[in-house]
Structures are given as C-alpha cells and as structure tokens.
Amino acid sequence: MRYRSPLGILLICLGMATPAAPQGEILPRHVMVSILVHTELANAWVLSQDHLSPTEADTLLCAHMQRLCDTHQITLASFQQSYAYYGQHPAWMQELYGWVVVELEKLLAQAD
C-alpha cells in the first residue's frame with residue numbers, strides 16, 4: 001500500500017476531476033490545517049492496515065474525507081479548490097504543512 005497525498009485522495013473521491021480555479025471563498029488556514037492533520041492521520045492508519053486492498057483503502061479514505069468535510073460544513077470541491085489555491089503559493093502551502101507538522105507532533109507527544 002502506498003501513501004496518498006490529500007490532493008490524491010480528493011482526486012480519487014471526486015472521480016479524477018481537475019482542480020478548478022477558485023470561484024468561492026478560500027477556506028481559512030486553520031480549517032485547512034485541521035483537515036490536513038486528520039487526513040494525514042487517516043492515511044497513516046490505512047497504511048498500517050496490510051489486509052486492505054487498494055480499492056478498500058481508497059473507499060475508507062474517501063469516506064473519512066467526506067466526514068471531515070461534513071464536520072467543517074464544507075464540500076469536497078471547496079476543499080479541493082482551496083488546496084489547489086494554496087498549492088499555487090508555495091510559501092503558503094509550506095506554512096500550512098508547517099502547522100500540520102506542529103499539530104501532529106503535539107498529538108504524538110500526548111500519546112507518549
């Protein structure tokens with residue numbers, strides 16, 4: 001089983017759609033960080049499940065992504081557009097993932 005990036009998961013969930021230019025509001029950074037943290041955790045869990053087929057793994061990741069969007073009251077498309085938007089600004093994307101790492105490190109410290 002191989003790692004899937006959040007954008008990769010979105011493309012699978014949205015049927016390989018191409019990211020559109022942002023038409024609505026871009027999601028705030030704190031929302032993006034929260035979703036990315038939970039997506040990385042889900043990815044790690046799925047990767048640890050050796051018995052899952054790639055199709056089962058994709059199905060689980062898509063379901064998790066949909067629950068995250070429901071929790072934040074957004075659509076998969078709005079997350080995809082925001083991810084693509086931040087991706088066009090490497091410094092902003094680097095900042096987002098910097099915060100993701102900080103949050104994941106906090107969770108790891110709590111687990112110890």
Side-chain angles (χ1 to χ4, degrees):
M1 182 119 4
R2 65 183 196 79
Y3 172 82
R4 300 207 190 286
S5 71
L7 184 58
I9 295 167
L10 281 171
L11 291 175
I12 291 166
C13 295
L14 292 171
M16 303 305 288
T18 304
Q23 306 220 337
E25 281 190 38
I26 298 303
L27 298 175
R29 290 178 184 168
H30 72 278
V31 172
M32 293 294 293
V33 169
S34 176
I35 293 171
L36 291 170
V37 164
H38 288 94
T39 300
E40 293 297 339
L41 291 171
N43 246 333
W45 182 83
V46 166
L47 286 172
S48 73
Q49 305 303 306
D50 295 331
H51 65 282
L52 294 176
S53 72
T55 302
E56 291 170 322
D58 290 346
T59 300
L60 284 172
L61 289 171
C62 287
H64 181 73
M65 194 70 197
Q66 186 59 59
R67 281 191 304 275
L68 283 173
C69 288
D70 292 346
T71 297
H72 289 282
Q73 299 178 339
I74 63 168
T75 64
L76 282 170
S78 67
F79 179 77
Q80 180 190 33
Q81 287 178 336
S82 296
Y83 192 89
Y85 175 79
Y86 284 111
Q88 293 172 357
H89 306 291
W92 295 352
M93 185 63 84
Q94 186 174 2
E95 180 184 340
L96 281 179
Y97 272 96
W99 285 110
V100 169
V101 169
V102 166
E103 293 301 316
L104 289 171
E105 287 174 343
K106 285 181 189 175
L107 291 172
L108 189 58
Q110 290 173 359
D112 288 339

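Values below: every heavy atom of this structure, side chains too, minus hydrogens, waters and symmetry copies.
- With contacts defined as side-chain heavy-atom distances shorter than 4.5 Å, the pair Thr71/Ile35 does not qualify.
- Expressed to the nearest 0.5 Å, how far CG of Leu52 lies from CH2 of Trp45 amounts to 6.0 Å.
- At a threshold of 4.5 Å between non-hydrogen side-chain atoms, the residues Val46 and Asp58 do not count as touching.
- Atom CD1 of Ile26 and atom CH2 of Trp92 lie 9.0 Å apart (nearest 0.5 Å).
- In this structure, OH on Tyr97 lies 4.5 Å from CG on Leu36, to the nearest 0.5 angstrom.
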Check: residues 63-70 side-chain donor-acceptor pairs under 3.5 Å, at least two apart:
unit_1 : atom_1 : unit_2 : atom_2 : d
His64  : NE2    : His38  : O      : 3.2
Gln66  : NE2    : Asp70  : OD1    : 2.9

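- Two residues are said to be in side-chain contact when any heavy atoms from C-beta on lie closer than 4.5 Å; Tyr86 and Glu95 fail this criterion.
- Proximity of Val33 to Val102: side-chain heavy atoms (C-beta onward) are nowhere separated by under 4.5 Å.
- Between Val31 and Ser34, every side-chain heavy-atom pair lies at or beyond the 4.5 Å cut-off.
- Under the 4.5 Å side-chain criterion, counting only non-hydrogen atoms from C-beta, Tyr85 is not in contact with Met93.
- Closest non-hydrogen pair, Ser82 versus Glu25, comes out as OG-O, 4.3 Å.
- With rounding to the nearest 0.5 angstrom, the OG atom of Ser78 is 11.0 Å from the NE2 atom of His72.
- Scanning for salt bridge (charged side-chain N to carboxylate O under 4.0 Å, His left out) contacts around Glu56 gives an empty result, with sequence neighbours left out.
- The shortest distance between side-chain heavy atoms of Met32 and Tyr83 falls below 4.5 Å.
- Looking at residues two or more places apart in sequence or on another chain, you find no side chain to side chain donor-acceptor pair (under 3.5 Å) involving His89.
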